[in-house]
Amino acid sequence: MLLVKTPPRGVDSYGSGAYLASRGRRLHNGVDFSAVAGSDVASLTCGKVTKIGFPYRYDPDNPAKSKYRYVEVTTDGNRLRYFYLTPAVKLGDNIKTGDIVGSVQDLTEVYKGIKNHVHFEVKNERNNFLDPNEFLETLHG
């Protein structure tokens, strides 16, 4: 599955999946794409897997949230981050566009009323968030 071929998450009981949507005292720094749990997620670019981490504020020791992960692929100084995946890659792997980076995790087990999705965000070398929509337009015309 390539993210650009799936619909945006839209709005559910946890808010909007749009870039810069309000999240209380903070803003949503990515875009969310609707997805079916277990679906494969393909890399949008070639690059190197530079991190396999836990989403912001997710305690790896919390049994309810410790399985939720993200995969970061670095290319041309940008870090593309795919959230809520069971990783299919390892740290340091070199990947090509279209390689599977992971499979979609089921968020509904912890967040009742949320739609399963992949959160996609882009950070530059200065650690600033970029508008993922502009990145996707540049990437795919």
Residues pairing under salt bridge (Lys or Arg N to Asp or Glu O under 4.0 Å) where one sits in residues 93-110, two or more places apart or in two chains, turn out to be K67-E109

Looking at F54, does the NZ or CZ of R69 lie under 6.0 angstrom from its six-membered ring centre and within 45 degrees of the ring axis?
-> yes

Could you tell me whether a side-chain N or O of T97 sits under 3.5 Å from a main-chain N or O of C46, the two making a donor and an acceptor?
-> yes

Is it true that a side-chain atom of T75 and a backbone atom of T45 form a donor plus acceptor pair closer than 3.5 Å?
-> no

Quick one: [atom1] on [X] to [atom2] on [Y], what's the gap to the nearest 0.5 Å?
{"X": "L20", "Y": "L27", "atom1": "CG", "atom2": "CG", "value": "5.5 Å"}
{"X": "K48", "Y": "I95", "atom1": "NZ", "atom2": "CD1", "value": "12.0 Å"}
{"X": "D131", "Y": "Y19", "atom1": "CG", "atom2": "OH", "value": "5.0 Å"}
{"X": "N116", "Y": "S39", "atom1": "CG", "atom2": "OG", "value": "9.0 Å"}

Quick one: are [X] and [Y] in side-chain contact, heavy atoms under 4.5 Å?
{"X": "N128", "Y": "K123", "answer": "no"}
{"X": "L136", "Y": "F120", "answer": "yes"}
{"X": "V118", "Y": "L85", "answer": "yes"}
{"X": "N124", "Y": "V122", "answer": "no"}
{"X": "V73", "Y": "T50", "answer": "no"}

Please test V36 against V104 for side chain to side chain contact (heavy atoms under 4.5 Å, CB included), starting from the C-alpha separation and ending with a verdict.
-> CA-CA 7 Å; V36 175; V104 178; over 6 Å; no

Considering residues at least two apart in sequence or located in another chain, which fulfil the side-chain hydrogen bond (donor to acceptor under 3.5 Å, both in side chains) criterion with E121?
-> R81, H119

Can you list the residues that meet the side chain to side chain contact (heavy atoms under 4.5 Å, CB included) rule with A88, with sequence neighbours excluded?
-> I100

Among the clusters formed by ILVMFWY side chains lying less than 4.5 Å apart, do L91 and V89 turn up in the same one?
-> no

Would Y84 and H117 count as a close aromatic pair, with their ring centres under 6.0 Å?
-> yes

Does a donor on one side chain and an acceptor on the other come within less than 3.5 Å for R79 and N127?
-> yes

Might you point out which heavy atoms bring P60 and S66 nearest each other, and give the distance in Å?
-> O-CB, 2.9 Å

Does the side chain to side chain donor-acceptor pair (under 3.5 Å) test come out yes or no for D76 and N78, once each step is laid out?
-> CA-CA 6 Å; D76 299 326; N78 291 318; over 6 Å; no

Where does the angle between the aromatic ring planes of Y70 and F83 fall among parallel (under 30°), tilted (30 to 60°) and perpendicular (over 60°)?
-> parallel

